[in-house]
Every structure is written in C-alpha cells, then in structure tokens.
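Note sheet for the following structure.
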Number of protein chains: 2
Amino acid sequence: MQPTPMLVAVDLVVLTLRSGELEALLVRRGVEPYAGRWALPGGFVEPGEDLVDTAVRELGEEAGIGRLRPHLEQLATYGSPDRDPRGRVVSVAYLALVPDPGDPVAGSDAADAAWRAVGTLGRSRSLAFDHARILRDGVERARAKLEYTSLAAALIPEPFTVNELREVYAAVWGVEPDPRNFHRKVTSADGFVVETHATTTRGGGRPARLYRRGPAVQLHPPMLRG
Amino acid sequence: MQPTPMLVAVDLVVLTLRSGELEALLVRRGVEPYAGRWALPGGFVEPGEDLVDTAVRELGEEAGIGRLRPHLEQLATYGSPDRDPRGRVVSVAYLALVPDPGDPVAGSDAADAAWRAVGTLGRSRSLAFDHARILRDGVERARAKLEYTSLAAALIPEPFTVNELREVYAAVWGVEPDPRNFHRKVTSADGFVVETHATTTRGGGRPARLYRRGPAVQLHPPMLRG
DNA sequence: TCCTTTATCGTCATTTCGACATTAAGGGCA
DNA sequence: TGCCCTTAATGTCGAAATGACGATAAAGGA
C-alpha cells in the first residue's frame with residue numbers, strides 16, 4: 001500500500017511581554033478558509049527546507065522578527081485529519097519568545113497583524129483552525145519552562161534589572177514573587193544572569209543594577225511557583 | 001505557489017526496564033533503504049488517521065504492545081530534507097514507556113525485533129535514518145520527566161514496591177538514590193503512589209508493602225538528581 | 001533638606017535535604 | 001526451635017534552602 005502524501009505546515013506561537021502582560025502575535029487571514037479570522041502566523045514547508053528554517057523564515061516574513069535572535073523551540077505537531085477543511089494538513093508548531101519588538105509589525109506579509117493578551121483568548125473559539133489549542137499549549141509550555149530554565153530573560157530586552165525579570169514571572173504565572181527573595185534566588189542561581197557595570201533609574205528610586213542573560217540554560221536551583 | 005505534499009511517518013521510542021537496565025525496542029529493517037539495519041518501529045500515517053492513532057496502531061502491529069496501556073506522549077518531529085534517501089519524509093516521533101512485556105515480541109510485523117540497552121547505542125551510527133538522534137532525544141525526555149512527573153511508575157508493572165520504583169531511577173539516571181530518603185520522598189509526594197494492603201517478599205528480607213500508581217501527574221515536590 | 005520610592009542586603013523561624021542509625025519482619029539453616 | 005542474615009521502614013540530626021519580613025542604601029522630587 002502506497003503511503004499518502006500530505007501537506008506540512010509550520011505555525012508559530014510568538015510570545016512577548018508588553019506593558020506587563022503576556023501577549024501573542026496573531027495575523028488576520030486574508031483568504032478562505034477562515035477568511036477574516038485571527039490565526040497564528042505560519043505557512044507551508046518548502047521543498048528542501050528544514051522545519052526550523054521554515055519557522056525562522058515565517059518569523060521574518062509574517063512577524064517581522066528576526067533581527068531579535070528570538071528563542072525558538074519546537075512545540076508540538078498537530079495532525080488531526082479534520083483540522084483543515086482543505087484536506088490533510090499536518091502542522092508543526094514552534095514556540096518563539098521575543099523581547100517586545102514594538103507595535104507596528106514591520107515586514108509583515110499578512111493583511112493585518114496584532115499582539116493580543118493571551119488571557120483573553122485562552123478558550124476562545126475566535127481563532128482559526130485548532131490554533132486556540134496550539135496557543136494554549138504554547139503558553140503552558142512557557143509557564144512550565146520558566147520554572148526550571150532561564151527562558152524568562154528571553155522575553156525582555158537586554159540589559160534588564162532584576163525587577164524587570166521579576167515582572168516576567170509575575171505576568172506569566174499570575175503571582176507576584178517577593179522582590180527580596182526573588183533577588184536572592186536570581187543572583188544565586190548559577191549563570192542565570194551576568195552583572196554589568198551599569199545601572200538605571202528607569203524604575204524610579206534607587207538605581208538598579210543592569211544584567212545580561214547568563215550562559216545557563218537549566219536553572220539550579222529552579223524558580224518555584226509556590 | 002502550490003505547497004509541496006510530503007510523506008508523514010510516525011516513529012516510536014519504546015522504553016522499558018529489563019533486568020535493571022533501560023532498554024529500547026528496535027526492529028530490523030527488511031527492505032531498502034537501510035535493509036538489515038536496526039531502526040525504531042514506525043510507519044506511515046494513513047489517510048483519515050490521527051497521528052496518535054498511528055502511534056497506537058504501530059505500537060500494536062510492530063511492537064505487540066497495546067494491552068499494557070502504555071504511557072504515550074509526543075516527543076518531537078524530524079523533518080530534515082535529507083533524512084530519508086527516498087525523498088521528503090517528515091517523521092513525528094512518539095515516546096512510549098511500558099512495563100517489561102517479556103522477551104518474545106509477540107504480534108510483531110517486523111522481520112526481527114529486540115530490546116537493546118540504550119547505553120550501548122547512544123551515539124552509535126548503527127541505527128537507520130536519524131533514529132539514533134531520535135532515540136537520544138527520547139531518553140533525554142524520559143530522564144528529565146522522571147524528575148518532576150510520576151512517569152517512573154509507568155516503567156514497571158503494578159503492584160510494585162518502593163525499592164522497585166527506586167531501581168527505575170537508578171537505571172534511568174545512573175545514580176543510586178539513598179533507599180531511606182527515597183522512601184520518605186516517594187511516600188510524602190502527594191499522589192505519586194497509593195498504598196495497597198498487600199506485601200511481598202520477592203526481594204528477600206522483610207516483606208515490602210506493595211503500591212499502585214497514584215493519580216498525580218506532576219510531582220510536588222520533585223525528585224532531585226543531586 | 002527631607003520625604004518618597006525603589007533596590008539591595010540581612011534576619012530568622014520553618015522546612016527540606018542528605019547522610020546515617022535504629023528498629024521491624026520476614027526466610028534460611030543448623 | 002532458635003539464631004542469623006537480608007531487606008524494609010522509621011527516626012535522628014546537622015546543613016542548606018525557603019519564605020516572610022525588617023533594615024539600610026541611593027536616587028529624584030517636593
């Protein structure tokens with residue numbers, strides 16, 4: 001029996017932190033199916049193109065992100081037979097975490113693109129295809145990985161203060177870690193952040209030391225959610 | 001531009017514990033490419049079939065496992081353009097953890113099938129396609145998940161003793177947790193295991209209490225690797 | 001100048017961790 | 001029938017981590 005060829009797409013869950021909230025990048029679909037509906041940015045894999053290269057390409061074409069060297073990891077693959085009315089399409093989802101690239105989504109292919117707070121569209125049925133499910137899985141992955149990896153620093157621009165890093169956890173987890181204990185854990189976790197010589201007063205009050213992302217990927221010990 | 005259809009396969013990393021070692025299920029390929037070489041069990045996704053259903057089907061057809069209600073989760077998707085000499089094949093890998101189903105791999109489709117200790121083929125080039133890489137990723141996933149989930153119990157048959165569960169960690173992590181501290185952590189981690197009224201003397205010495213898998217998926221607190 | 005604000009460091013009681021001792025409860029064997 | 005050997009389970013204790021706070025530092029602004 002001959003195997004059946006299928007279409008393979010890559011969809012992106014792009015997350016960032018904007019004004020203290022975790023937001024996802026969405027594009028408005030211009031064509032059927034689901035024309036006019038919001039969807040995750042994505043596209044089909046081209047011949048000779050690796051999956052991750054498709055993700056990087058779409059990140060540039062549809063999201064205007066690429067200069068930012070975002071964190072990019074494979075999320076999961078969705079292949080329900082009826083997930084696309086056009087026929088059999090298997091979608092490999094990637095999760096990207098980027099520092100806020102600003103409002104106008106430059107270089108965007110899509111008719112329209114916007115950042116939306118993830119809280120409002122968790123179980124919403126407004127997204128095209130099974131993208132609400134994919135988005136939920138991406139947010140869940142980000143929540144979990146904040147605990148035992150240094151990914152939180154990927155959501156804010158360098159250099160950053162300890163308090164700005166704390167606000168990432170506050171936004172993604174919905175809990176406010178104690179500033180003093182948080183400071184102790186972050187600076188004692190080996191390789192999470194590296195100190196610079198500069199400080200900033202952008203928070204008001206006493207100048208805060210500025211840090212850059214450290215070499216550590218896994219955190220020892222992990223940050224705890226209570 | 002029309003998108004290019006591709007073949008979509010599902011490959012399985014099936015792990016179990018046999019005589020104190022972590023082993024993976026391999027099948028010997030009967031046809032080109034890589035005829036005669038060992039490979040992960042797998043097959044193409046059929047029309048109208050969901051990815052996870054393909055995994056479950058292959059688990060029965062190629063591995064003779066199915067009665068055992070194994071733990072099954074998606075691992076990752078591999079789509080390098082040159083990973084299959086026949087052409088473009090995207091493979092969705094699944095990770096299955098099962099209690100030892102015994103030596104003869106019954107109901108097996110493949111010409112030959114065998115359990116192999118994962119330690120010996122970590123970076124080996126003896127496996128077909130990119131299956132060595134997939135296997136390594138699967139083992140790495142299992143190692144990580146043992147830390148903060150109750151998955152260790154999926155590798156042994158019920159009911160089991162605390163020491164049998166400890167041997168899972170010893171085999172997968174390559175370290176010997178202290179039996180007394182391990183006992184304390186397991187029985188205090190909420191929902192990891194549930195006590196039965198029975199005991200066994202199969203270990204020799206004082207009878208050990210028998211447990212079943214608890215309802216917990218995540219472990220609080222997690223088991224630590226030092 | 002002093003007051004408000006935020007950052008950083010310190011304190012301390014509680015909990016957890018890791019190493020180890022002790023007691024419990026079976027089977028094997030003389 | 002007793003000893004003895006083996007493994008299971010519980011207990012102990014110092015070191016380390018955690019969580020809830022207080023105290024001090026360093027800026028800008030009234």
Side-chain angles (χ1 to χ4, degrees), chain A residues 20 146-148 152-153 156 159-171 173-212 214 216 218-226, chain B residues 20 146-148 153 156 159-170 173-212 214 216 218-226:
Chain A
L146 248 59
E147 199 153 355
Y148 57 96
I156 47 177
F160 50 82
T161 69
V162 171
N163 193 54
E164 286 161 359
L165 188 60
R166 192 183 64 89
E167 286 167 347
V168 175
Y169 284 89
W173 284 353
V175 299
E176 288 279 348
D178 180 89
R180 296 156 290 192
N181 294 336
F182 184 85
H183 190 282
R184 179 180 47 185
K185 286 211 70 163
V186 166
T187 52
S188 74
D190 209 62
F192 192 0
V193 296
V194 296
E195 198 170 322
T196 72
H197 293 295
T199 62
T200 181
T201 60
R202 61 178 172 246
R206 170 175 171 179
R209 183 151 304 277
L210 289 167
Y211 295 83
R212 300 191 164 275
Q218 307 278 331
L219 293 186
H220 292 288
M223 312 294 290
L224 296 179
R225 262 195 271 195
Chain B
L146 248 57
E147 200 153 355
Y148 56 96
I156 46 177
F160 49 83
T161 69
V162 172
N163 193 53
E164 286 161 359
L165 188 61
R166 191 184 66 88
E167 286 169 348
V168 175
Y169 284 89
W173 284 353
V175 298
E176 288 278 347
D178 181 89
R180 297 155 292 192
N181 295 335
F182 184 84
H183 190 280
R184 177 179 49 183
K185 288 212 70 164
V186 166
T187 52
S188 74
D190 210 62
F192 192 0
V193 296
V194 295
E195 197 172 322
T196 71
H197 293 294
T199 61
T200 181
T201 60
R202 59 179 172 244
R206 171 176 169 178
R209 183 151 304 279
L210 288 166
Y211 294 83
R212 301 190 164 274
Q218 307 279 331
L219 292 186
H220 293 289
M223 312 295 289
L224 297 178
R225 259 194 274 193

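Note that these values count all heavy atoms, side chains included, but never hydrogens, waters or copies made by symmetry. Remember, it's a predicted structure, so these values are computed and weren't measured experimentally. Letters A, B, ... mirror the listed sequences (proteins, then strands); counts begin at 1.
Following rounding to the nearest Å, A:Leu224 (CG) and C:dT16 (P) show an atom-to-atom distance of 12 Å.
Among residues two or more places apart in sequence or in another chain, the salt bridge (charged side-chain N to carboxylate O under 4.0 Å, His left out) test is passed with B:Glu167 by none. Applying the salt bridge (charged side-chain N to carboxylate O under 4.0 Å, His left out) criterion to A:Arg180, with sequence neighbours excluded, gives A:Asp178. Residues passing the side-chain hydrogen bond (donor to acceptor under 3.5 Å, both in side chains) test with B:Arg166, sequence neighbours excluded: B:Asn163, B:Glu176. Considering only residues two or more places apart in sequence or on other chains, B:Arg212 meets the salt bridge (charged side-chain N to carboxylate O under 4.0 Å, His left out) condition with B:Glu158. B:Tyr211 pairs by the ring-ring contact (aromatic ring centres under 6.0 Å, His included) definition with nothing, not counting sequence neighbours.
Within a heavy-atom distance below 4.0 Å of DNA chain C, the residues of residues 176-198 of chain A found are A:Arg180, A:His183, A:Arg184. Shown for residues 162-171 of chain A: no residue has heavy atoms falling under 4.0 angstrom of DNA chain D.
In this structure, NZ on B:Lys185 lies 4.5 Å from CG on B:Leu224, to the nearest 0.5 angstrom. Distance check: A:Arg225 CZ to A:Glu147 CD gives 5.0 Å after rounding to the nearest 0.5 Å. If you take CZ on A:Phe160 and CD1 on A:Ile156, they are separated by 5.0 Å, rounding to the nearest 0.5 Å.
A:Ala216 and A:Phe192 make their closest contact through CB-N, 4.0 Å (heavy atoms, listed as atom of the first residue, atom of the second, distance). Across every non-hydrogen atom of B:Tyr169 and B:Pro177, the tightest pair is CB-CG, 4.2 Å. For B:Val162 against B:Phe182, the heavy-atom pair with the smallest separation is O-CE2, 3.5 Å.
Note that the first and last nucleotides of DNA chain D, 5' to 3', having any atom under 4.0 angstrom from a heavy atom of chain B are D:dT6 to D:dT12.
Residue pairs meeting the side chain to side chain donor-acceptor pair (under 3.5 Å) criterion with at least one member in residues 187-198 of chain B, sequence neighbours excluded: B:Glu195-B:Arg209.
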Identify each donor-acceptor pair in which a side-chain atom of residues 198-207 of chain A lies under 3.5 Å from a protein atom, sequence neighbours left out, and give them as a table.
from: A:Thr200; atom 1: OG1; to: A:Arg202; atom 2: N; distance (Å): 3.1
from: A:Arg202; atom 1: NE; to: A:Glu164; atom 2: OE2; distance (Å): 2.5
from: A:Arg202; atom 1: NH2; to: A:Pro159; atom 2: O; distance (Å): 3.1
from: A:Arg202; atom 1: NH2; to: A:Glu164; atom 2: OE1; distance (Å): 2.9
from: A:Arg202; atom 1: NH2; to: A:Glu164; atom 2: OE2; distance (Å): 3.2

Nucleic acid footprint by protein, nucleotides 25-30 of chain C - heavy-atom cut-off 4.0 Å, B for base, S for sugar-phosphate alone = BS----

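Each of B:Pro221 and A:Gly203 lies near DNA chain C, and the nucleotide nearest A:Gly203 is the one positioned closer to the 5' end.
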